[in-house]
Colleague: 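Quick one: structure below, then a few questions.
In what follows, chains carry the letters A, B, and so on, assigned in the order in which the sequence lines appear, proteins first and then strands, with residues in each chain numbered from 1.
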2 protein chains.
Amino acid sequence: MTDVKTQMLERGRRARAAAAQLRDAPAAGRTRVLEILAEKLAAAEADILAANARDVDAARANGMTEALIDRLSLTPARIAGMAQAVTTIAAVPDPLGVETERWTPANGLDIARVRTPIGVLGVIYESRPNVTADAAALCVRSGNAAILRCGSDCLQSSLAIAALIAEALAEAGLSADAIQLVDTPDREAVGLMLTGLDGAIDVIIPRGGKSLVARVQAEAKTAVLSHLEGLNHTYLHEAADLETARAVVLNAKMRRVSVCGATETLLVDRAGAERLLPPVAADLIAAGCELRGDAEAVALVPQMKPAVEADWTTEYLAAILSVRIVDGLDAATDHIARYGSGHTEAILTTDAQAAERFAARVDSAIVLINASTQFADGGEFGFGGEIGISTARLHARGPVGAEQLTTYKYVVRGQGQTRP
Amino acid sequence: MTDVKTQMLERGRRARAAAAQLRDAPAAGRTRVLEILAEKLAAAEADILAANARDVDAARANGMTEALIDRLSLTPARIAGMAQAVTTIAAVPDPLGVETERWTPANGLDIARVRTPIGVLGVIYESRPNVTADAAALCVRSGNAAILRCGSDCLQSSLAIAALIAEALAEAGLSADAIQLVDTPDREAVGLMLTGLDGAIDVIIPRGGKSLVARVQAEAKTAVLSHLEGLNHTYLHEAADLETARAVVLNAKMRRVSVCGATETLLVDRAGAERLLPPVAADLIAAGCELRGDAEAVALVPQMKPAVEADWTTEYLAAILSVRIVDGLDAATDHIARYGSGHTEAILTTDAQAAERFAARVDSAIVLINASTQFADGGEFGFGGEIGISTARLHARGPVGAEQLTTYKYVVRGQGQTRP
């Protein structure tokens, strides 16, 4: 057995033991961990920045692009944001022990469905050091132990943050084994996590780009809670209000182009296209967005490039928007069913019946009526934070916050019933 | 591409198309399918019995054991039971479209969580022909399309039942592709289903013995909703009522020894063992149950055989019970945490505080207080039926009925909000 394997299996055993302790810990104790952690993140700003500088220097020396360097870099403001995120999660209502249903069937048993933690989560992420704090906070709030594996690029930053997490757990009287950061950059560790570490990991959560998620889905021997692409559509119904359409489409595409909730394709009703598309397109072009349209769209907005088939299947994550003219609501939902990724879609309309028909027909995790697709976010949903947005169909869809990281058990109270 | 592969991929495409139709079908239409199916099952008794006789004759010729022949065999009473099960599921409240939560976060959006079908289920089972009707009924109730693959031993019986399902769907105006039975006994079909048929299958549900479930878990490239063993414990707390203990333990073990809710290990508090164990054991022995106990248990009940370590890890599914004396509640829950399969556990006690402590500490799908573990059943829970009992930690735990075969989406209603 390799050293890495021995070490990882030992991590798994310790995480499993810590999970039982964390599961039984009262809400107040888990809240206390998060409060202490938030304080420590603020107090340790200099140490975290120093560790991050080592990561950034090494990344620059290795020729990392400036866009990725930016993702990796911490600043005093970003550390404050990290501490604030932990504080926000500390304030989320504790999900554990909550009875979500209670009923008595004909046999007279009193059946309650009660939220419990999943157990041990394996979180695999890339070069965003803040995920270390975010994921730890969501796991503590939901009573799950976790084994975290960050990208090697942000290992020094993550180690500095993980040391604070360990201190916060210990000061609140909990085992520091509850949240463990894998401290070796050896890639074998990822493969071992995907095997489940002899049953010690209940679910793997990949948080990162397409290639990471694809590898995890292909190799994992455990359950996987993953998000894939956000190939999101905004549909301008013929009865859309023009000013709403201008504001919402601009926001849905351009607020941040690199987030999974960004709109990638605009569908426009033929009946409303002449009224709606030119002004909406003008705003986008003025904001620096490239437009790629079908022939009818190009005819209305000559600055557009012609779209090709690949444009309907591409998550740009960039200031590019594909535009298609459709023949009514059902054609729009058919396009979404064919090309969408099941993440987030929006309709803009003043026709309430059309809005409800769209919501019923579209089978995505999030369907918005008259609002920006960029609201696809656990914070905006009031979850206090999220570990990702699930496009899976089982367990959790949409933003995955603390509550979505729980499962349930049935507690059945009887008076000596036997089954006939 | 093999013929089987071509055929199975085509099944997948047709199931996916039918799933969209079924998802949008009103509850009344899906109820109508089930009502028609129940009538047809009753009316086609002779045809089903004839088909079943062909299966049974072939199985006998192949040397199948009588226990398995019994599982395979249909009788007029069993066909009536099958029809009744479909009628019961028809009467379950329709889970689709139900809003399970609705709230407005600070951004003013009106967020609703609404139940939707999972999509296409792949159900792989063995030689119980009734599963064909049960699974179809649960899928129709929950709006899921399904590809069913039965054991080759019950193919003729299942084909007869599947023909009725197809008729019922068609008569209610729905596509018969919604519920398809794989009509080839070729084992390649199972392997293909486990690949997900090019994304056409959302989840595989294995319903059968350990080796089937293990193969599915090892090979599936899709999500799996599986149940493993029911290595269930009943714990006699020192404050258990003797008459309750006698009745419940006897029922928990002996009502039906082959079901996954049967108790396999009895844990008895040392402080109550002398009072409780001898009479409880006497009832079990009188009912034909073999007891295997640790040294202290054997000392109290000399007819017991000595238990070995393997007895704590064996799901007997037979008239055998292992018995262990434990030193109080925490020792009992420690034993369950170490040896249990996370399925169903019971405590018998008159001490309400002890009961609640047990319910909190035991991390199984179902925890019962003063009731038989044989209540682990979707029908007993009021679900109208079940496709199995999940010991997974994600999505669904415990009995999996129509509601547990749904997922959800968020419908978010705004008034033109953009995200800051």
Colleague: When only pairs under 4.5 Å are counted, which of Gln417(B), Lys409(B), Arg419(B) shares the most heavy-atom pairs with chain A?
Modeller: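 Highest number of heavy-atom pairs under 4.5 Å: Arg419(B).
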Colleague: When you compare the side chain of Arg113(A) with that of Glu99(A), does any pair of heavy atoms fall below 4.5 Å?
Modeller: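 No; the side chains remain at least 4.5 Å from each other.
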Colleague: Side chain, backbone, both or neither: which part of Thr116(A) has an atom under 4.5 Å from a heavy atom of chain B?
Modeller: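 Answer is side chain: those atoms of Thr116(A) sit under 4.5 Å from chain B.
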Colleague: For chain A, which residues from residues 243-252 of chain B have at least one heavy atom closer than 4.5 Å to it?
Modeller: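 Within residues 243-252 of chain B, the residues under 4.5 Å from chain A are Thr244(B), Ala247(B), Val248(B), Asn251(B).
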Colleague: Relative to chain B, which segment of Val411(A) carries a heavy atom at a distance below 4.5 Å: side chain, backbone, both, or neither?
Modeller: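 Both backbone and side chain.
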Colleague: Of all of Gly342(B), Ala396(B), Gly398(B), which one pairs up most often with chain A through heavy atoms under 4.5 Å apart?
Modeller: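 Most pairs with chain A among the choices: Ala396(B).
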Colleague: Can you find a pair of side-chain heavy atoms, one from Ile347(A) and one from Leu368(A), that are under 4.5 Å apart?
Modeller: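 No; the side chains remain at least 4.5 Å from each other.
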Colleague: When the ring planes of Tyr339(B) and His335(B) are compared, do they come out parallel, tilted or perpendicular, using 30° and 60° as the limits?
Modeller: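 Rings of Tyr339(B) and His335(B): tilted, as their planes differ by 30° to 60°.
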Colleague: Is there a donor-acceptor pair under 3.5 Å between the side chain of Thr407(A) and the backbone N or O of Arg393(B)?
Modeller: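 Pair found, side chain donor or acceptor close to backbone of Arg393(B).
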Colleague: Checking Arg255(A) against chain B: side chain, backbone, both or neither under 4.5 Å from a heavy atom?
Modeller: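 The answer is the side chain of Arg255(A).
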Colleague: Using heavy-atom distances under 4.5 Å, tell me whether Val362(A) contacts chain B through its side chain, its backbone, both, or neither.
Modeller: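 Backbone of Val362(A) only, per the 4.5 Å heavy-atom cut-off to chain B.
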Colleague: Side-chain contact, heavy-atom cut-off 4.5 Å: Glu386(B) with Asp377(B)?
Modeller: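 Sidechains of Asp377(B) and Glu386(B): in contact.
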Colleague: Given a strict heavy-atom distance threshold of 4.5 Å, which part of Ala220(B) is in contact with chain A: side chain, backbone, both, or neither?
Modeller: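 Neither; nothing under 4.5 Å.
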Colleague: Between Asp202(A) (side chain only) and Leu121(A) (backbone N and O only), is there a donor and an acceptor less than 3.5 Å apart?
Modeller: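 Checking the backbone N and O of Leu121(A) against the side chain of Asp202(A), no donor-acceptor pair under 3.5 Å is found.
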Colleague: Measuring heavy-atom distances to chain A, does Ser364(B) have an atom under 4.5 Å in its side chain, in its backbone, in both, or in neither?
Modeller: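 Backbone of Ser364(B) only, per the 4.5 Å heavy-atom cut-off to chain A.
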Colleague: Strictly less than 4.5 Å between heavy atoms, which residues of residues 354-361 of chain B line up against chain A? Please order them by number.
Modeller: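 Listed by number, the contacting residues are Glu356(B), Ala359(B), Ala360(B), Arg361(B).
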Colleague: Hey, does the side chain of Lys253(A) reach the backbone of Thr263(A) with a donor-acceptor pair shorter than 3.5 angstrom?
Modeller: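 A pair under 3.5 Å: yes.
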Colleague: I'd like to check Ile366(B) versus Pro399(B) (side-chain heavy atoms, cut-off strictly below 4.5 Å). Are they in contact?
Modeller: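 Result yes, sub-4.5 Å side-chain heavy-atom pair found.
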Colleague: Taking Thr104(B)'s backbone N and O only, do any of them form a donor-acceptor pair with Asp110(B)'s side chain (distance below 3.5 Å, no angle check)?
Modeller: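 A pair under 3.5 Å: no.
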Colleague: For chain B, which candidate among Val367(A), Leu225(A), Asp241(A), Leu109(A) shows the most heavy-atom pairs at distances under 4.5 Å?
Modeller: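 Winner by heavy-atom pair count: Val367(A).
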Colleague: For Phe375(B), is there any backbone N or O sitting under 3.5 Å from a side-chain donor or acceptor partner on Glu380(B)?
Modeller: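 Looks like no, no N/O pair under 3.5 Å.
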Colleague: Does any non-hydrogen side-chain atom of Ile389(A) lie less than 4.5 Å from one of His343(A)?
Modeller: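 His343(A) reaches Ile389(A) side chain to side chain.
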Colleague: Working to the nearest 0.5 angstrom, can you tell me the gap between Asn370(B) CG and His237(B) NE2?
Modeller: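 Rounded to the nearest 0.5 Å, the CG-NE2 separation comes to 11.0 Å.
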Colleague: Answer with side chain, backbone, both or neither: which region of Arg23(A) has an atom nearer than 4.5 Å to a non-hydrogen atom of chain B?
Modeller: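 For Arg23(A), side-chain heavy atoms alone lie under 4.5 Å from chain B.
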Colleague: Give a yes or no answer on whether the side chain of His395(A) reaches the backbone of Gln404(A) with a donor-acceptor pair at less than 3.5 Å.
Modeller: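 Yes, the answer is positive, given that a donor and an acceptor are paired below the 3.5 Å cut-off.
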Colleague: For the atom pair OG1 (Thr406(A)) and CG (Asn144(A)), what is the distance rounded to the nearest 0.5 Å?
Modeller: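 Nearest 0.5 Å value for the OG1-CG distance: 8.0 Å.
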Colleague: For Glu219(A), is it the side chain, the backbone, both, or neither that has a heavy atom closer than 4.5 Å to a heavy atom of chain B?
Modeller: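 Neither part, no heavy atoms under 4.5 Å.
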Colleague: Measure distances from Ile111(A) to the heavy atoms of chain B and classify the residue's part below 4.5 Å as side chain, backbone, both or neither.
Modeller: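 Contact with chain B involves the side chain of Ile111(A) alone.
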Colleague: Report yes or no: does Arg16(A) contribute a side-chain atom to a donor-acceptor pair with the main-chain N or O of Ala200(A) at less than 3.5 Å?
Modeller: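 Here the side-chain-to-backbone pair exists.
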